[in-house]
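All residue numbers in this chain count up from 1 along the given sequence.
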Amino acid sequence: MSNPQYETYVPPAYGGSRAAPGDPYRAQPPGHEVYGTYEAQGMPYEDTYRPAYETPVPSPRSGGGRRAAHRRRARYTERADAGSVRRLLPQALVVAFLAGGTTAFVAKDKAIELSVDGRQRTLHTFADDVTELLREEGVEVGAHDTVAPAPGAALTSGDEVAVRYGRPVRLTLDGHRREVWTTARTVGGALRQLGVRAEGAYVSTSRSRRIGREGLALDVRTERAVTVMADGRARTVRTNAATVREAVEEAGITLRGQDTTSVPPGSFPRDGQTVTVLRITDTREIREEPVPFHVRRTQDPALFQGTEVVEQAGQPGLRRTTYSLRTVNGVRQKPRRIRSEIVREPRPQLVSVGTKPRPRSVQGADHLDWQALAACESGGRPDAVDSSGTYGGLYQFDTRTWHNLGGTGRPQDAPAAEQTYRAKKLYVRQGASPWPHCGGRLHG
């Protein structure tokens with residue numbers, strides 16, 4: 001790339017082709033060569049300068065020889081005066097300028113080998129350092145790009161400058177995902193640069209695949225040693241499997257039915273990990289269990305206080321429960337309930353509770369020995385029932401007689417005081433005849 005401060009004329013003998021605009025020494029049309037250009041500036045002058053290769057060399061036969069040349073130089077010296085010296089001075093300055101400009105031009109120009117992301121080319125530049133070179137060439141670098149030598153490093157002719165662009169890689173290595181950057185242009189190069197052990201590894205894409213500036217997603221599973229314990233044997237395999245289940249299969253072990261492993265089968269197998277295969281058998285067992293019934297009590301003003309009558313007997317319900325009976329590697333586990341359902345709802349028990357105040361006495365029967373009669377009939381037990389189930393209570397009432405006396409339910413379920421009260425009422429009606437064997441005890 002050109003630089004205006006170095007726009008100077010270089011004579012053709014030095015390979016030049018350009019001159020600053022308005023320079024009297026810029027290239028001229030044929031017949032107007034640079035020599036004698038002072039005429040173009042209105043300065044009459046006879047150009048006496050000729051390059052060495054244009055100066056005629058006298059032939060030995062011409063008779064001139066060294067002596068003739070000496071005479072010519074002498075004549076030229078004699079004709080020189082102060083005016084001609086003044087006219088020669090600008091030309092001498094121009095020649096000195098041309099020589100100095102050419103030297104500066106050559107010193108500033110550098111031949112550089114520039115490689116941008118693998119594309120290499122040779123260029124000439126006046127840049128003093130790497131940063132200036134990249135700016136002149138329009139090469140932009142970011143935080144993840146690399147430049148060697150580093151930006152700001154001085155340049156000399158023959159240097160090599162390399163720019164490598166960074167590429168984002170979403171790397172999943174052995175189940176762990178992370179975002180990384182690489183300047184490698186292929187997957188294989190990226191693995192080497194990132195220090196990933198690729199021997200025996202699974203790589204989700206070809207290692208020769210090129211990585212564009214936009215990057216790519218890469219899944220790598222390195223080779224690991226996994227020990228599988230199954231059926232009393234241990235097997236160690238080297239694998240790059242993605243799951244424990246795959247590693248177990250690579251060990252030649254088949255999981256059947258409900259078989260599983262000591263770690264989740266879908267988890268990632270780690271290097272040096274030991275996995276135990278669990279052989280599982282599972283059976284079902286159904287159990288029926290009773291469901292207790294509830295007792296509902298209702299107050300009844302027709303019954304004496306302390307009296308409870310069962311109006312409806314309660315009935316238990318039925319629950320059916322299914323259990324799983326599991327054995328793991330031959331060892332039976334605790335039963336596990338799978339489901340439960342009510343087959344029959346329980347029926348509540350209905351009980352009437354007396355609230356009627358109990359009478360104190362029955363006229364004409366209070367003076368009798370009712371305790372002696374009870375001891376003879378039932379042994380003094382209010383809940384006594386004869387062997388036939390017909391008679392019950394302290395005084396061995398049958399149910400029909402009991403109801404005729406105003407009782408409810410069964411006599412043996414009533415309180416002792418109520419039983420005595422109704423026995424007195426029966427005596428007032430029929431005397432001691434209802435108790436043919438023990439009635440005499442009433443009178444002592």
Side-chain angles (χ1 to χ4, degrees), residues 172-177 200-202 204 219-298 308-352 385 389 409-410 413:
T172 304
L173 178 61
D174 289 342
H176 298 287
R177 176 176 293 182
Y202 162 82
S204 60
D219 185 11
V220 179
R221 300 193 299 269
T222 60
E223 189 177 64
R224 287 142 284 140
V226 177
T227 300
V228 181
M229 301 287 296
D231 306 322
R233 293 179 55 194
R235 303 172 177 84
T236 300
V237 295
R238 297 199 64 83
T239 178
N240 56 26
T243 64
V244 168
R245 182 184 296 276
E246 292 179 10
V248 169
E249 292 175 354
E250 290 182 13
I253 298 169
T254 302
L255 299 179
R256 299 180 297 271
Q258 298 186 37
D259 293 350
T260 186
T261 53
S262 56
V263 295
S267 63
F268 192 86
R270 304 297 175 186
D271 188 31
Q273 186 176 31
T274 297
V275 177
T276 302
V277 174
L278 306 177
R279 300 294 189 189
I280 297 176
T281 59
D282 200 355
T283 58
R284 298 288 188 270
E285 182 180 89
I286 298 176
R287 301 176 186 176
E288 292 186 348
E289 303 166 337
V291 179
F293 59 81
H294 299 287
V295 178
R296 297 178 183 174
R297 300 179 183 275
T298 305
E308 291 186 356
V309 178
V310 177
E311 304 291 349
Q312 175 182 288
Q315 183 179 3
L318 183 65
R319 177 186 290 111
R320 183 172 295 152
T321 305
T322 303
Y323 291 89
S324 170
L325 304 180
R326 172 174 292 191
T327 61
V328 178
N329 290 343
V331 179
R332 184 168 180 172
Q333 308 296 303
K334 181 180 179 180
R336 181 172 57 90
R337 186 170 66 179
I338 299 176
R339 61 177 177 273
S340 180
E341 58 181 342
I342 299 296
V343 178
R344 184 179 66 246
E345 294 288 346
R347 186 177 67 182
Q349 180 167 292
L350 306 180
V351 178
S352 296
V385 179
R410 299 185 307 172
D413 296 329

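The shortest side-chain heavy-atom distance between Arg332 and Leu325 falls under the 4.5 Å cut-off. Between Arg320 and Ile286, the closest side-chain pair of non-hydrogen atoms falls below 4.5 Å. Side-chain contact between Asp413 and Val309: absent, with no pair of heavy atoms (C-beta onward) separated by less than 4.5 Å. Two residues are said to be in side-chain contact when any heavy atoms from C-beta on lie closer than 4.5 Å; Val277 and Leu255 meet this criterion.
In terms of heavy-atom proximity, Asp259 sits nearest to Ile280 at OD1-N, 3.0 Å. Counting all heavy atoms, side chain and backbone alike, Glu250 lies closest to Val237 at O-CG1, 4.2 Å. Here the closest non-hydrogen pair linking Thr239 and Ala247 is CG2-CB, 4.2 Å. For the pair Pro265 and Thr260, the tightest heavy-atom approach, listed with the atom from each and the gap, is CG-OG1, 3.7 Å. When all heavy atoms of Arg221 and Asp174 are compared, the closest pair comes out as CA-OD1, 3.3 Å. Shortest non-hydrogen contact noted between Arg279 and Thr254 is NH1-O, 2.8 Å.
For Arg235, the side-chain hydrogen bond (donor to acceptor under 3.5 Å, both in side chains) test picks out no residue, with sequence neighbours left out. The side-chain hydrogen bond (donor to acceptor under 3.5 Å, both in side chains) search around Thr321 returns Ser340, not counting sequence neighbours. For Pro264, the side chain to side chain contact (heavy atoms under 4.5 Å, CB included) criterion is met by Ser267, not counting sequence neighbours. With sequence neighbours left out, Arg270 forms a side-chain hydrogen bond (donor to acceptor under 3.5 Å, both in side chains) with no residue at all. Residues passing the side-chain hydrogen bond (donor to acceptor under 3.5 Å, both in side chains) test with Asp282, sequence neighbours excluded: Arg284, Ser324. Every residue meeting the side chain to side chain contact (heavy atoms under 4.5 Å, CB included) condition with Gln349, not counting sequence neighbours, appears here in chain and number order: Phe293, Val295, Val310, Val351.
The main-chain N or O of Val331 is found under 3.5 Å from a side-chain atom of Gln333 such that the two form a donor-acceptor pair. Using modelled atom types, one side-chain atom of Arg224 and one backbone atom of Thr222 make a donor-acceptor pair closer than 3.5 Å. In this structure, the side chain of Asn240 engages the main chain of Gly200 through a donor-acceptor pair within 3.5 Å.
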Worked verdict on Arg287 versus Glu285 for salt bridge (charged side-chain N to carboxylate O under 4.0 Å, His left out): CA-CA 7 Å; Arg287 301 176 186 176; Glu285 182 180 89; 2.5 Å; yes
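Remark: of the listed residues Val244, Thr274, Thr276, Thr276 is the sole one forming a side-chain contact (heavy atoms from CB on, under 4.5 Å) with Ser262.
A side-chain N or O of Thr236 and one of Thr227 form a donor-acceptor pair less than 3.5 Å apart.
Expressed to the nearest 0.5 Å, how far CG of Leu318 lies from CD of Glu289 amounts to 9.0 Å.
Arg296 CZ: 12 or fewer foreign heavy atoms inside a 6.0 Å radius.
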